[in-house]
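Read through the structure below, which is laid out as structure tokens, and then see the notes.
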Amino acid sequence: QVQLVESGGGLVQAGGSLRLSCAASGRSFSTYAMGWFRQAPGKEREFVAATSRNGEITDYAGSVKGRFTVSRDSAKNTGYLQMNSLKPEDTAVYYCAADGGFWGGSNLAKYDYWGQGTQVTVSS
């Protein structure tokens with residue numbers, strides 16, 4: 001099993017940047033694919049970004065492509081989501097998730113482990 005803890009959320013003005021971290025403990029993080037999802041009030045949880053177990057394959061939701069970058073550092077057992085050019089519509093609780101296979105992609109159901117989430121609020 002792996003435990004995930006997100007950090008790095010906060011309040012930022014539109015156009016600003018934040019970097020979210022996802023610290024993993026337990027089983028080696030390098031054996032998991034990783035995904036980032038978000039959930040705004042009153043909305044369903046949605047896919048943001050994903051990276052494969054080896055970090056070589058990535059995918060993004062259309063709404064964040066070109067602004068967000070997903071990465072991972074297996075030596076530190078940590079995943080990252082760099083968020084630039086933030087918009088008010090990016091406001092949500094952001095979750096990282098781990099999938100025991102090579103690739104989880106955008107399918108929430110594939111992910112076995114979830115963090116507790118970190119709040120990101122973008123003011124206009």
Side-chain angles (χ1 to χ4, degrees):
Q1 290 191 353
V2 64
Q3 293 78 42
L4 305 173
V5 178
E6 302 95 336
S7 61
L11 173 64
V12 64
Q13 288 188 333
S17 298
L18 284 174
R19 187 177 80 156
L20 304 184
S21 298
C22 176
S25 61
R27 180 176 158 186
S28 175
F29 192 44
S30 63
T31 63
Y32 291 90
M34 184 184 72
W36 286 92
F37 296 81
R38 67 187 182 187
Q39 188 166 17
K43 295 187 176 181
E44 294 186 351
R45 193 168 299 188
E46 64 175 8
F47 168 72
V48 175
T51 181
S52 59
R53 187 167 59 200
N54 61 4
E56 293 182 1
I57 301 172
T58 58
D59 191 22
Y60 298 89
S63 59
V64 308
K65 194 170 293 185
R67 300 188 297 123
F68 290 12
T69 303
V70 61
S71 62
R72 62 193 301 164
D73 186 335
S74 294
K76 295 183 178 180
N77 257 10
T78 302
Y80 303 98
L81 184 67
Q82 177 68 43
M83 306 186 296
N84 299 329
S85 302
L86 282 161
K87 304 175 181 180
E89 51 263 45
D90 294 319
T91 295
V93 176
Y94 282 71
Y95 299 89
C96 68
D99 165 37
F102 176 80
W103 174 251
S106 61
N107 186 351
L108 279 74
K110 289 202 65 179
Y111 291 87
D112 304 303
Y113 305 100
W114 292 81
Q116 83 291 347
T118 185
Q119 177 70 47
V120 171
T121 303
V122 184
S123 63
S124 56

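Computed from heavy atoms alone, side chains included, the values below leave out hydrogens, waters and symmetry copies. All residue numbers refer to positions in the sequence shown, counting from 1.
- Applying the side chain to side chain donor-acceptor pair (under 3.5 Å) test to Ser106 and every residue at least two apart in sequence or in another chain returns nothing.
- Looking at residues two or more places apart in sequence or on another chain, you find no side chain to side chain donor-acceptor pair (under 3.5 Å) involving Thr78.
- Evaluation of the disulfide (SG to SG under 2.5 Å) test over residues 24-76, restricted to residues two or more places apart or in two chains, returns none.
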Please list, one pair per line, the donor and acceptor atoms closer than 3.5 Å that link side chains of residues 12-20 to other protein atoms, with sequence neighbours excluded.
{"residue": "Ser17", "atom": "OG", "partner": "Asn84", "partner atom": "OD1", "Å": "2.9"}

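- Sequence neighbours left out, not one pair with a member in residues 57-97 passes ring-ring contact (aromatic ring centres under 6.0 Å, His included).
- For residues 34-84, no pair satisfies disulfide (SG to SG under 2.5 Å), with sequence neighbours left out.
- The salt bridge (Lys or Arg N to Asp or Glu O under 4.0 Å) pairs that include a residue from residues 70-87 number zero, where partners must be two or more places apart or lie in different chains.
- Sequence neighbours left out, the pairs with a member in residues 45-124 that pass disulfide (SG to SG under 2.5 Å) are Cys22-Cys96.
- A 4.5 Å side-chain heavy-atom check between Gln116 and Glu6 finds at least one atom pair inside the cut-off.
- Ile57 shares a hydrophobic cluster with Phe102, Trp103; the chain of contacts runs through ILVMFWY side chains whose heavy atoms sit under 4.5 Å apart.
- For residues 96-120, the set of pairs meeting the salt bridge (Lys or Arg N to Asp or Glu O under 4.0 Å) definition, not counting sequence neighbours, is empty.
- Put simply, Val48 and Val120 are part of the same group of oily side chains (I, L, V, M, F, W, Y) that touch within less than 4.5 Å, one to the next.
- The salt bridge (Lys or Arg N to Asp or Glu O under 4.0 Å) test applied to Arg38 returns Glu46, Asp90, not counting sequence neighbours.
- Considering only residues two or more places apart in sequence or on other chains, Trp114 meets the ring pair (Phe, Tyr, Trp, His ring centres under 6.0 Å) condition with Phe37.
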